[in-house]
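Written out below as C-alpha cells is the structure these notes cover.
Along the sequence shown, residues are numbered consecutively beginning with 1. Numbering of ligands and ligand atoms starts at 1, following listing order. Please read these numbers as outputs of a predicted model, since none were measured by experiment. Computation of the quantities below employed the complete heavy-atom set of this structure, encompassing side-chain atoms and omitting hydrogens, waters and symmetry-equivalent molecules.
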Amino acid sequence: MTPKAKRDFLRVADLSGDELRQLLDHATAMKNQRRHGGQRRSLEGRSVALIFEKSSTRTRVSFEVGAFELGAHPVVLNSRDMQLGRGESIEDTARTLSRYVHAIVLRTAGHDRVEALAAAASVPVINALTDDHHPCQILADLLTVRERRGSLEGLRYAWIGDANNVARSWVEAAERLGLALTVASPEGYGFKARELPANVWQVVDPREAARGADVVITDVWASMGQEGDAEVRRAAFAGYQVNAALLADANPGAMVLHCLPAHRGEEIDAALLDGPDAVVWDEAENRLHAQKALLEFLMR
Ligand code: CP
Ligand code: NVA
C-alpha cells in the first residue's frame, strides 16, 4: 500500500471549501470541549517544531499552547539560535527535523522558504506567516465571524488597507468559500487584477468598500520588513483608517477584525479597537482553537 501523501498548509487555497468548513466545525467543537474541561490529548507522544524568523506573540504562544494541550511537545526555535541562522540550508534543516518531529511550523519572510521547507520535509509543514500569506490567521478570522453571525455566507466583507499577506489569505478564503469581498487600497498598494477571483472586487475608495459591509477587516500599513517605508506608507494610507465615520456606511452591527498587533490611531481608531464592535480579542483567542484543529487535521 502506498502511504498517503502528507498535507501541508502553506496558503488557504491548500484546503478545499469543504475542508475549511470541516476544520472550523472541529475548531468550534474543540473550543467547547476546552471550556468544559474535556480536552482530547490526541497527539500524545508527537512533537512539533515551531521556527520563527520574524517576531510573534499570538502565533507563537497559540501554537505552543495548542500543541501542549493536544499532548504534543512543542519545540520552539528562533532561527538565530539554529544552524539555519548560520547558513545551513532550509532543505537540510527540513530533512533533519523530519527525523525528530511530526510537523514543522515556520514563520519567515519569503514564501519560497516555506515552500522549500515543505518540499524537502517528510512531515506536514504549516505556514505561520510569510510576506505573501498568513493562512492560520484567516482560520481564526473565519471562526470568529461564524461564531458571531452563525454563518459565513450571505455577508459582505470589506478589507480596508494594504493588499498584504493577511489580505491575500482573505482573498483565497473568499475564493474557496464563495464570499463577497471588496478590497480598498490606495493606488499602487492593491492586488494585481489577475490575483483576484470573480467574487472579490478591488476599489480605491475605502467608503465604497465599507458601504453595506457586515465584516470590516484591516491590518497595519507597514508589515514586518517594511518598517523603512512606514513614513511613505502613512502618507499613502491617510484616509484609510477604520473608525466610526467609516463604519457609519457599513451595515448596523458590522464587526471589525484586526489580526493584531495594531497601530492604534493609524489603520484603526483606538476607541474602536476597545469598543464593542471590535472582536479582536476573540479573534486572537481563536488562533488557539483553529490551530489545534489544524494540527489534528494534518498530524493524525
Ligand atoms: N496576528 C499575528 O499573527 O500575531 P503575531 O505576529 O503576534 O503572531
Ligand atoms: N501584515 C502583518 C501581519 C502581522 C501578524 C505583518 O506581516 O507584519
Side-chain angles (χ1 to χ4, degrees), residues 9-12 27 48-67 74 76-79 104-114 126-145 159-173 183-186 189-191 195 215-234 236-237 240-242 255-264 266-268 273 278-292 294-295:
F9 187 57
L10 308 188
R11 50 197 295 170
V12 171
V48 187
L50 311 169
I51 308 174
F52 288 88
E53 298 193 321
K54 285 187 177 194
S55 305
S56 172
T57 298
R58 280 144 287 266
T59 308
R60 195 210 129 139
V61 177
S62 56
F63 264 116
E64 182 169 354
V65 170
V76 184
L77 299 155
N78 185 313
S79 61
I104 307 172
V105 179
L106 173 65
R107 170 170 286 198
T108 188
H111 193 73
D112 55 339
R113 274 179 84 67
V114 79
I126 297 173
N127 175 4
L129 179 147
T130 60
D131 290 347
D132 296 340
H133 296 270
H134 194 5
C136 294
Q137 180 66 50
I138 272 50
L139 298 180
D141 289 11
L142 294 170
L143 190 60
T144 309
V145 174
W159 175 274
I160 311 289
D162 192 23
N164 64 14
N165 41 10
V166 181
R168 185 169 289 102
S169 289
W170 257 104
V171 168
E172 291 197 350
V183 176
S185 311
Y189 294 92
F191 289 106
E195 288 188 89
V215 182
V216 177
I217 323 154
T218 191
D219 186 15
V220 291
W221 294 336
S223 284
M224 288 182 274
Q226 297 173 330
E227 290 82 359
D229 288 347
E231 210 47 60
V232 176
R233 286 173 165 268
R234 252 194 291 279
F237 285 90
Y240 284 76
Q241 186 185 82
V242 174
M255 55 195 280
V256 177
L257 296 179
H258 190 310
C259 62
L260 305 177
H263 290 159
R264 288 165 183 260
E266 287 192 17
E267 76 278 359
I268 190 159
L273 195 66
V279 292
V280 296
W281 315 114
D282 285 351
E283 185 184 357
E285 179 190 328
N286 281 337
R287 298 292 305 276
L288 173 67
H289 311 298
Q291 288 157 198
K292 282 168 74 178
L294 178 69
L295 288 171

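The distance criterion of under 3.5 Å between nitrogen or oxygen atoms is met by Asp219 with respect to ligand 2. The N/O atoms of Met224, backbone and side chain alike, include one that comes under 3.5 Å of an N/O atom in ligand 2.
You'll find the side chain of Met255 stays beyond 4.5 Å of the side chain of Val216, heavy atoms only. Using a 4.5 Å heavy-atom cutoff, the side chains of Leu139 and Phe9 are in contact. With a 4.5 Å cut-off on side-chain heavy atoms, Arg58 and Gln137 do not count as touching.
By the 4.0 Å N-to-carboxylate-O rule, Arg234 lies too far from Asp229 to be salt-bridged with it. Between Arg107 and Glu53 there is no salt bridge, since no side-chain N of the basic residue sits under 4.0 Å from a carboxylate O of the acidic one. Taking a cutoff of 4.0 Å between a charged side-chain nitrogen and a carboxylate oxygen, Asp132 and Arg11 do not qualify as a salt bridge. Here Arg60 pairs with Glu64 in a salt bridge; the nearest charged N to carboxylate O distance falls below 4.0 Å.
With sequence neighbours excluded, the residues satisfying ring-ring contact (aromatic ring centres under 6.0 Å, His included) with Tyr189 are Phe237.
With a heavy-atom cut-off of 4.0 Å, Asn165 touches ligand 2 through its side chain alone.
Contact atoms of ligand 2 toward Leu260: 5 (C) (distance under 4.0 Å to a heavy atom of the residue).
Among protein heavy atoms, the minimum distance from atom 4 (C) of ligand 2 is reached at Leu129 CD1, 3.9 Å.
Within 4.0 Å of ligand 1, the residues that place a heavy atom are Ser56, Thr57, Arg58, Thr59, Arg107, His134, Gln137, Cys259, Leu260, Arg287, listed by chain and number.
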